[in-house]
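In what follows, a single structure is set out as C-alpha cells and then discussed.
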Amino acid sequence: MQELYSPREIEAAAQAEWNQTNAFQVSETPDQETFYCLSMFPYPSGKLHMGHVRNYTIGDVIARYQRMQGKNVLQPMGWDAFGMPAENAAMNNKVAPAKWTYDNIDYMRTQLKSLGLAIDWSREFATCTPQYYRWEQWLFTRLFKKGVIYRKNGTVNWDPVDQTVLANEQVIDGKGWRSGAVIEKREIPMYYFRITDYAEELLSSLDDLPGWPEQVKTMQRNWIGKSVGMEVQFPYDQASIGEQGTLKVFTTRPDTLLGATYVAVAAEHSLATQAASGNPKLQTFIEECKRGGVAEADIATQEKKGMPTGLFVRHPLTDEKLPVWVANYVLMSYGDGAVMAVPAHDERDFAFATQYDLPIKPVVRTSAGDHTPAPWNEAYAEKGTLINSDEFNGMDFASAFSAMGEVLKQKELGNARTQFRLRDWGISRQRYWGCPIPIVHCDTCGDVPVPEDQLPVVLPEDVVPDGAGSPLARMPEFYECTCPTCGSPAKRETDTMDTFVESSWYFARYASPHYEHGMVDPKAANHWLPVDQYIGGIEHAILHLLYARFFHKLMRDEGLTDSSEPFRNLLTQGMVIAETYYRLGENGSKSWFNPADVVVERDAKGKIIAARLGSDGQPVEIGGIEKMSKSKNNGVDPQSMIDQYGADTCRLFMMFASPPDMSLEWSDTGVEGAHRFLRRVWRLANQHSQNSPPPRLDKTSLSDDQKAIRRAIHLAIKQATQDIGQNHKFNTAIAQVMTLMNVLEKAPQQSNQDCALLQEGLETVALLLAPITPHISHALWQALGNQDPVISAPWPLLDEAALVQDRLELVIQVNGKLRGHIEMDADASREDVEAAARENENVLRFTEGLTIRKVIVVPGKLVNIVAN
RNA sequence: GCCUCGAUGGCGGAAUUGGUAGACGCGGCGGAUUCAAAAUCCGUUUCUGGUGACAGAGUGGGAGUUCGAUUCUCCCUCGAGGCACCA
C-alpha cells in the first residue's frame, strides 16, 4: 500500500479494472432480482456542469448500493441530443448542429467516465440518430392512425421582424430576443397528442406511486386539474348577433348562475371576431390583446382589460339580456374560450365588474352575509345557501348543482361535465434540429402518415440554420415527395417534434437499445421496466414526468410493455448553488466574477464581510447565493475539481454537503474537508497494514472500551444502511462514518484483539463508502487483504448485539426545562428512574416551594417533573 | 397572478417523526510540531450575563394545542422551482 493517498493513480487503476472486466455490463438474468437505476440523461450542451455531477453521483450511489445487495443492476446513459442550443450555437459559430452535438457528446462522455460511474456503456445512444428517432416516427404514425394524434390550430409567439416563431424563453418582456420587435400571438396548424384522453388515468394512477414524493404528485394533480362542473349554454340574442346559436361556457359554480351579469370571451373567440368587423375600436382592442407572448405567467400578471362587443346573449334561466365582453384574461385554450361572470362570488370577475361598472348581484349567503360591498372579501367566494335565485332559494351547493342541472338539461342548455385544466400536447416545432414529423400533405388524400417501410424520415445533418424559420421549409430536396397513397406530387411536413417527445420513452429503449425490429424488444422491456429508481431535477416535476408517464401508457396500449407507470420510485434532486460576486459598471450594468477568482475577508467570528478580486486586489460586491449559471458566472467547473482532488473527493463532498432533494451550496473549503477525510482514512489503513494480519475477532471477550469501539462500527452500519438504502440521506450516512473514523483513529493497536477490531472497523469504512467513493474503497478493500473486488462484496451486516448498552444516560426536566442527567441501568424500572430523578440535587433546587403535580417518564429517554 | 416547496449557530447541515436543539463537516480562535511555512495533531467555538459554578434567551415573525413544539394548527414575511416552445 502506498503511504500517501494519490487519487489520480487509484482512480485510474480502479476504472481500468472495471473496464477490463466489463464490470457493469448487464443482461437479463432470470434468477437474479433486477434493479433499474436511471438518472435523467443529459442534454449535450458542451461540458458537464455540477448539476450533472450531482445527478449522476446520486444515481451511482444508489446503483452501487443495490449491487452490493446482490441485485442485477442496470444503470445506462445516453444523450437527449435534439434541442435549441444546437441551433443557437450553429448561428453563432456557423457549425452544423449535428457536428456541434456529436462533438459535445464525445467530450462529455470522457468527463462522465472520469467520475467512475457504474454505467453499462454498451447501451449508450443519442436521440438524434435515425436508429433512435425512427421508432418515435413509427409510433407517431400508429397513433395518428388511431386518432391519438390530430391536427388543429395553436397559438405561438410570432416575431414580425425575424419572421419566425419564438420559444417562450426567447421572448423577453414581450419582445423578440434578437430583433427586439414586439411579439404577436399567431395561430398556426400543429399536431397534438390527445393527452386529455388519458387525463383521468394520469390522475388516478398517481395513487399507485407510493415511491414518488408527495410534492411532485400534488403538483401533477393540480396541473391535470380535474374539476367537476357544468357546461352552460347562453342562447344568442338574435337582435344583436343576428343568427341562431348559443355561447358555451364551463363553470364549477353553477349554483351562482343567477348571479351571472355578463359573459366574457377570449380575443380569439368567434363572437369577438364577428363583433369587431363593424367596430374599429374593438378591432384595435383585439389587436392589442394579441400583442405579447403566449406564456401563461405573462398573461396572468398583465393588467385585466376588457371591452364590450355590443353583442348580447340571453340568460338560460331568466332570458335576461347579458352583455358579451372581450377580456384579455379569458384563455382561448382553456375550456371553451368563454366564461360566465359572477362578480359577486368570483374575485377576478369582481375586480373586472368594479373597474367597468358592471352589475354585481349576490346570490349566495356566505359568512360575510347577504351583500358583497367593496373591497373584495375572500368569504364572498364561499359556498353557502342560495338567495335571490327564485325557486332555488334556500338550497345548498349540492342541491343547487343538481337542480340547476335538471332544469338546464330540460331546456337543452346545459349538462354536468368534467373539465381538466390539462390541455392537449402540441408537439409541432418550426425548427430544424429535431425529429421530423412523418407526415406527407397531399392535395387529394390530406395528411398521410409515412408508411412503415419508408421510415425513418431522415433529418439532413449538414445544415446550418440562420434563425429565420426552419431551413427544412426552404429545402425542396427534403419536402418534395410523392403521396404514399395515390402517388401524386405531395409536400412533406417540415415541422419537427417537441424535444420532450424523445425524452418521453428513452428509459424504455435502454432495455434493448440496439433492437432493430421494433421500438423496444417486449421481452427485454418487461424484464427491466418499470425503472426502479429515477433521479433528476425537481424542475422536471411536471412536464417531463407527465409526458413520460403518458408515453408509457401509450406504449402499453400498443402492446410494447405490460406495466402502466414508468418510474416506480422518484428522487427529485435540488439545485447546485454558489455565491455570486460582481462590480457595477458605469451604466449600472453588472459584471460578474467567478468565485474561483475572488478572495473573501472575514470578521473575528469568521463571518464573510468583504471580497476582493484576486487579480487586482480591489473589492467586489457580494451578490448573494444563486443557482450556478453562465449569466452570473458562478459556476464551478467539475473538471478542475476532479483534476485537482479526484472524483472520489468531488463525489464525497456533493453527497455530504446536503441531502439530495435540497439545494447544495458549493464550498471550496468543504471540498478540501472531504479530501482531508479521505486522506485520514487512507493514513489509518496504511498504518494498520504495517501490523501483521490480525486473527479473527473474539466477540465474547471484549473489554468495555473495545465494546464501545465495536458499537461505533455497528452504529455506522445501521445508520448508513437506513440512510442510503431507504431514506436517500447520504449526508447523514457519511457523517456517521466520519464519527466512526474519529473513534477508530483513537483506538489502540496493541493487542491482537485491538488489531482485529480495527480490521473490522476499516473494512466497514471501505464497504460503507464503496457506493459513494468507489475508487478509494476499491484500493482499501484490496489493501485490507480481500481477494474479490469491493464491487462484488456484500453490504455489511448489522450485529444488533454490538449496539446493546448496559447503562443509559437519562435526561431530567422540571417543567420541560433541562435540569440534569442521571445514569441508570438500561433495565431500571419506571419507579427506580422516577425515584432517582426526584432525589436529583438540581430537581430539589428547582422544585423547592412547589408542589409536584405529575411525573412523566419516557423509558430510556427522560423524566419530566411537572410542578407549580 | 396561479400551483408546489423551503427558512435552524459565522456557514453547509443534524435531531430516532412530539422528548437533551446544534450530530458531522467547514470557518474562526488558542495551542503543539517546525528555523519558517505547508501538512498534521490537540483544545475551544449558538447568543447574552458571569473569573467561575451557573443562569437567562434561542430553530424567519406572530398566535394556539401540549407536561413538553425545530416537529402539530392558524395567520404573516421572505426565498426557491414550475406555469405547457429552455432542457
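Worth saying up front: this structure is predicted, and the values here are computed from it rather than measured. Lettering of chains follows the sequences in order, A, B, ..., and the numbering in each one begins at 1.
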Sugar-phosphate, base or nothing in reach of [X], heavy atoms under 4.0 Å:
X: Ala295(A); value: sugar-phosphate
X: Arg348(A); value: nothing
X: Ser663(A); value: sugar-phosphate
X: Met741(A); value: nothing
X: Ser45(A); value: nothing
X: Tyr329(A); value: nothing
X: Met40(A); value: nothing
X: Val156(A); value: base
X: Leu422(A); value: base
X: Phe656(A); value: base
X: Arg221(A); value: nothing
X: Lys729(A); value: sugar-phosphate
X: Phe846(A); value: sugar-phosphate
X: Thr218(A); value: sugar-phosphate

Rounded to whole angstroms, how far apart are [atom1] on [X] and [atom2] on [N]?
X: Asn157(A); N: C86(B); atom1: CG; atom2: P; value: 9 Å
X: Asn815(A); N: G56(B); atom1: CG; atom2: P; value: 12 Å
X: Ile542(A); N: C2(B); atom1: CD1; atom2: P; value: 16 Å
X: Ile538(A); N: A87(B); atom1: CD1; atom2: C1'; value: 15 Å
X: Trp223(A); N: C2(B); atom1: CH2; atom2: P; value: 16 Å
X: Met662(A); N: C11(B); atom1: CE; atom2: P; value: 15 Å
X: Ile188(A); N: C85(B); atom1: CD1; atom2: P; value: 11 Å
X: Asp668(A); N: G27(B); atom1: CG; atom2: P; value: 11 Å

So, does [X] get its side chain near the phosphate of [N], meaning an N or O under 4.0 Å from OP1 or OP2?
X: Asn742(A); N: G25(B); value: yes
X: Arg676(A); N: C41(B); value: no
X: Asn222(A); N: U4(B); value: yes
X: Thr499(A); N: A87(B); value: yes
X: Arg423(A); N: A84(B); value: no
X: Asn731(A); N: G25(B); value: no

When you check the gap from the basic side-chain N to the acidic O, do Glu745(A) and Arg680(A) get nearer than 4.0 Å?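 Salt bridge present between Glu745(A) and Arg680(A).
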Output yes when Arg838(A) and Glu834(A) qualify as a salt bridge under the 4.0 Å nitrogen-oxygen rule, no when they do not.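 Between Glu834(A) and Arg838(A) there is a salt bridge, with a charged N closer than 4.0 Å to a carboxylate O.
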Closest to the [X] side chain: [options]?
X: Glu296(A); options: A55(B), C86(B), G1(B); result: G1(B)
X: Pro85(A); options: A87(B), C26(B), A14(B); result: A87(B)
X: Arg845(A); options: A55(B), A87(B), C85(B); result: A55(B)
X: Val866(A); options: A23(B), C67(B), G82(B); result: C67(B)
X: Phe500(A); options: C24(B), A55(B), A87(B); result: A87(B)
X: Leu543(A); options: A84(B), A55(B), C85(B); result: A84(B)
X: Glu539(A); options: G13(B), A55(B), G81(B); result: G81(B)

Main chain of [Y], side chain of [X]: is a donor-acceptor contact present, judged purely on distance under 3.5 Å?
X: Arg549(A); Y: Leu202(A); result: yes
X: Gln573(A); Y: Gly51(A); result: yes
X: Arg819(A); Y: Val843(A); result: no
X: Asn815(A); Y: Ala867(A); result: yes
X: Glu87(A); Y: Tyr432(A); result: yes
X: Lys304(A); Y: Ala300(A); result: yes

Who does [N] pair with, Watson-Crick or G-U, both distances under 3.5 Å?
N: A39(B); value: none
N: A7(B); value: U77(B)
N: U16(B); value: none
N: C54(B); value: G49(B)

In the 5'-to-3' direction, what one-character label does each nucleotide of nucleotides 16-21 of chain B receive under the scheme B = base within less than 4.0 Å of a protein heavy atom, S = sugar-phosphate only, - = no such atom? B--BB-
For [N] versus [M], give the span between their [atom1] atoms, rounded off to a whole number of Å.
N: G82(B); M: C74(B); atom1: P; value: 27 Å
N: U34(B); M: G28(B); atom1: C1'; value: 23 Å
N: A53(B); M: U44(B); atom1: P; value: 13 Å
N: G1(B); M: C72(B); atom1: C1'; value: 31 Å
N: U70(B); M: A23(B); atom1: C1'; value: 15 Å
N: G10(B); M: C5(B); atom1: C1'; value: 27 Å
N: C24(B); M: C78(B); atom1: C1'; value: 29 Å

Picking from Phe193(A), Tyr43(A), Tyr547(A), what satisfies ring pair (Phe, Tyr, Trp, His ring centres under 6.0 Å) with Phe500(A)?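 Per the ring pair (Phe, Tyr, Trp, His ring centres under 6.0 Å) rule, the option paired with Phe500(A) is Tyr547(A), out of Phe193(A), Tyr43(A), Tyr547(A).
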Find the distance between CZ (Arg54(A)) and CD1 (Ile535(A)) and round it off to the nearest 0.5 Å.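 Spacing of CZ (Arg54(A)) from CD1 (Ile535(A)) equals 12.0 Å.
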Can you tell me how far apart CG (Asn634(A)) and NZ (Lys627(A)) are? Round to the nearest 0.5 Å.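 Rounded to the nearest 0.5 Å, the CG-NZ separation comes to 11.0 Å.
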For the side chain of Gln430(A) and the base of C85(B), is some donor closer than 3.5 Å to an acceptor across the two?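 Such a pair is found, so the answer is yes.
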Enter syn or anti for the glycosidic conformation of G82(B), syn applying to angles within 90° of 0.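 Anti, which is what one calls it when the glycosidic angle falls more than 90° from 0.
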Torsion-based syn/anti label for U17(B), 90° from 0 as limit: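 This nucleotide is in syn.
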Aromatic contact between Tyr534(A) and Phe507(A), with the criterion being ring centroids under 6.0 Å apart: yes or no?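 Distance test on ring centres: not under 6.0 Å, no.
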